[in-house]
Protein chains: 2
Amino acid sequence: MRDEVDDLVEAWGRERGDLDLAPVEVFSRISRLARHLDLARRDAFTAHGIESWEFDVLAALRRAGSPYELSPGKLLRQTLVTSGTMTNRVDRLTARGLVERLPDPKDRRGVLVRLTIEGKAAVDGAFEALLAAEADLLADLPGKQRTQLAGLLRSLLAPFS
Amino acid sequence: MRDEVDDLVEAWGRERGDLDLAPVEVFSRISRLARHLDLARRDAFTAHGIESWEFDVLAALRRAGSPYELSPGKLLRQTLVTSGTMTNRVDRLTARGLVERLPDPKDRRGVLVRLTIEGKAAVDGAFEALLAAEADLLADLPGKQRTQLAGLLRSLLAPFS
DNA sequence: GGCAAGTGTCTTGATGTCGAGATATATCTC
DNA sequence: GAGATATATCTCGACATCAAGACACTTGCC
């Protein structure tokens, strides 16, 4: 089985045969898979009426557990966006009724963002759809290889933490 | 060795123990690695005075081989951006003297984008820096496992082509 | 040859994100 | 306890991208 990256490596090999292209074999595939994955995510979420950026925020709140509250600061660190972006996102999610802003009782500078009932329902439905779509993409890979793949990826990712 | 995704899966497991989170173990790692990779790329390129989007365009031309020419249409298909974006990018690369626009002798609607001498030098230097940075990230992974990982990723990526 | 449909590139307007700065409150140091 | 520094959030301007449409030329068909 041949993929896009085999073509890419072949082209580079023709032009720069002097270089060791082994890293491309791994990292180019990771980048491309991530891009395809984004599209698959988008499709899965569209069916549930939410967008990827909305899921990112709602999922962080959902994972926090009851009462599903986090500060904007914690949210932006989990989702890797800047503070201006998070303000904008929370504004739009509030307008849609999926989250609400409350004053933080412990810190008068602060605010808490809380999932509403509607927000919890939306993120739970979307997450199930996402898992189903992702399971499809993995369908051809035997369980053993899946575990192996997860393990290899973990050893690449761990140094970043 | 534990990574960010182990925490993520643990949190979801607490809240949604009813779901099979196996896909997250693979795809969440792929997305996160892609993000870290983007940052590493950016750093490697910054040292060579170019940006990631510039590399994407220049590299496509470089891979095409001498005389390093492609139409804007081919470029945008290879880099997965829209035509408006490619016009803007070629404009800026032209202003920097890294590419030039020529009329396509075969089709008077068309244009060819060609790498300049400076552009070729820039992309070659940047590509070597990228490979070096990526090789670092792979340093802890034995060659055998690296090949195995590339193979597993290929089987996930191949269906998209 | 001439008209219709197709192709290639560029233009324009809308939008989401970033980054820097502003404001308010908290915490630390002496 | 007062002043200085740090933290939390929001505001605002700049900018890269996208999507749709405009325009020019080419190709296919009668």
Side-chain angles (χ1 to χ4, degrees), chain A residues 31 34-36 38-39 41-43 45-46 49-61 64 69-96 98-114, chain B residues 31 34-36 38-39 41-43 45-46 49-61 64 69-96 98-114:
Chain A
S31 292
R35 198 149 42 198
H36 289 302
D38 266 351
L39 297 175
R41 257 164 62 104
R42 194 158 311 170
D43 287 348
F45 291 153
T46 297
I50 76 170
E51 297 181 46
S52 295
W53 64 265
E54 294 180 303
F55 180 80
D56 289 339
V57 177
L58 298 177
L61 293 168
E69 292 174 353
L70 287 174
S71 68
K74 281 183 180 158
L75 277 174
L76 67 90
R77 280 185 287 276
Q78 284 206 32
T79 56
L80 301 179
V81 298
T82 61
S83 64
T85 299
M86 187 53 69
T87 298
N88 182 9
R89 289 184 174 187
V90 173
D91 284 349
R92 284 181 286 161
L93 286 168
T94 302
R96 287 200 55 189
L98 301 178
V99 306
E100 55 193 348
R101 255 190 263 246
L102 340 159
D104 183 339
K106 300 247 170 65
D107 183 342
R108 272 190 296 180
R109 291 169 304 181
V111 173
L112 290 177
V113 180
R114 176 156 71 194
Chain B
S31 292
R35 198 149 42 195
H36 289 301
D38 266 351
L39 296 176
R41 257 165 62 104
R42 193 157 312 170
D43 286 348
F45 292 154
T46 297
I50 76 171
E51 297 180 45
S52 295
W53 65 265
E54 294 180 304
F55 180 80
D56 289 339
V57 178
L58 298 177
L61 293 168
E69 291 174 353
L70 287 174
S71 67
K74 281 183 179 157
L75 276 176
L76 67 90
R77 280 185 288 276
Q78 284 206 33
T79 56
L80 303 179
V81 298
T82 60
S83 64
T85 298
M86 188 52 69
T87 298
N88 181 7
R89 289 184 174 188
V90 173
D91 284 349
R92 284 180 286 160
L93 285 168
T94 302
R96 286 200 54 188
L98 300 178
V99 307
E100 54 194 348
R101 256 190 265 246
L102 340 158
D104 183 339
K106 301 247 170 65
D107 184 340
R108 271 191 295 180
R109 292 168 304 180
V111 173
L112 290 177
V113 180
R114 177 156 70 194

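Residue numbers start from 1 in every chain, and the chains themselves are labelled A, B, ... in the order their sequence lines are given, proteins ahead of strands.
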Review point. What nucleic acid atoms does B/G84 come within less than 4.0 Å of, heavy atoms only: base, sugar-phosphate, or nothing?
Key: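 If one applies the 4.0 Å heavy-atom cut-off, B/G84 turns out to touch a base.
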
Polar pairs (N or O, both sides) under 3.5 Å between protein and nucleotides 21-24 of chain C?
none

**Study point:** Set of residues satisfying salt bridge (charged side-chain N to carboxylate O under 4.0 Å, His left out) with respect to A/R96, sequence neighbours excluded
**Key:**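 Once residues adjacent in sequence are excluded, the partners of A/R96 under the salt bridge (charged side-chain N to carboxylate O under 4.0 Å, His left out) criterion are A/E54.
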
Check your understanding: Can you list the residues that meet the salt bridge (charged side-chain N to carboxylate O under 4.0 Å, His left out) rule with B/R108, with sequence neighbours excluded?
Key ->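 B/R108: no salt bridge (charged side-chain N to carboxylate O under 4.0 Å, His left out) contacts found.
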
Point to revise | For A/D38, all residues meeting side chain to side chain donor-acceptor pair (under 3.5 Å), sequence neighbours excluded | key: none

Nearest-neighbour nucleotide for the [X] side chain, [options] considered:
{"X": "A/W53", "options": "C/dG8, C/dT17, C/dC18", "value": "C/dT17"}
{"X": "B/T87", "options": "D/dA19, C/dC18, C/dC10", "value": "C/dC10"}
{"X": "B/T85", "options": "C/dT9, D/dC18, C/dC18", "value": "D/dC18"}
{"X": "A/N88", "options": "D/dC25, C/dT9, C/dT17", "value": "C/dT17"}

[X] has an atom [atom1]; how far is it from atom [atom2] of [N], in whole Å?
{"X": "A/L70", "N": "D/dT9", "atom1": "CG", "atom2": "P", "value": "11 Å"}
{"X": "B/E54", "N": "D/dT17", "atom1": "CD", "atom2": "C1'", "value": "16 Å"}
{"X": "B/L39", "N": "C/dC18", "atom1": "CG", "atom2": "P", "value": "11 Å"}
{"X": "A/L80", "N": "C/dG16", "atom1": "CG", "atom2": "P", "value": "20 Å"}
{"X": "A/K106", "N": "C/dT25", "atom1": "NZ", "atom2": "C1'", "value": "17 Å"}
{"X": "B/L76", "N": "C/dT9", "atom1": "CG", "atom2": "P", "value": "8 Å"}
{"X": "B/D107", "N": "C/dT9", "atom1": "CG", "atom2": "C1'", "value": "10 Å"}
{"X": "A/M86", "N": "D/dA8", "atom1": "CE", "atom2": "C1'", "value": "14 Å"}

Review point. Would you say B/R92 reaches D/dA16's phosphate, i.e. side-chain N/O to OP1/OP2 under 4.0 Å?
Key: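 Answer is yes, contact under 4.0 Å.
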
Exercise for review: Output yes when at least one side-chain N/O atom of A/R89 is less than 4.0 Å from OP1 or OP2 of D/dT9, else no.
Suggested key: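 For D/dT9, neither OP1 nor OP2 has a side-chain N or O of A/R89 closer than 4.0 Å.
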
Pick out the pairs of N or O atoms, protein on one side and nucleotides 3-5 of chain C on the other, that lie under 3.5 Å.
none

In residues 98-107 of chain A, what donor-acceptor pairs under 3.5 Å come from side-chain atoms, sequence neighbours left out?
{"residue": "A/E100", "atom": "OE2", "partner": "A/R114", "partner atom": "NE", "Å": "3.4"}
{"residue": "A/R101", "atom": "NH2", "partner": "A/D91", "partner atom": "OD1", "Å": "2.1"}
{"residue": "A/D104", "atom": "OD1", "partner": "A/K106", "partner atom": "N", "Å": "2.7"}
{"residue": "A/D107", "atom": "OD1", "partner": "A/R109", "partner atom": "N", "Å": "2.9"}
{"residue": "A/D107", "atom": "OD1", "partner": "A/R109", "partner atom": "NE", "Å": "3.1"}
{"residue": "A/D107", "atom": "OD2", "partner": "A/R109", "partner atom": "NE", "Å": "3.4"}
{"residue": "A/D107", "atom": "OD2", "partner": "A/R109", "partner atom": "NH2", "Å": "2.7"}

Practice item. Kindly give the heavy-atom pair with the smallest separation between A/L75 and A/A60, and that separation in Å. Key: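 The pair with the smallest heavy-atom distance is CD2-CB, 3.7 Å.
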
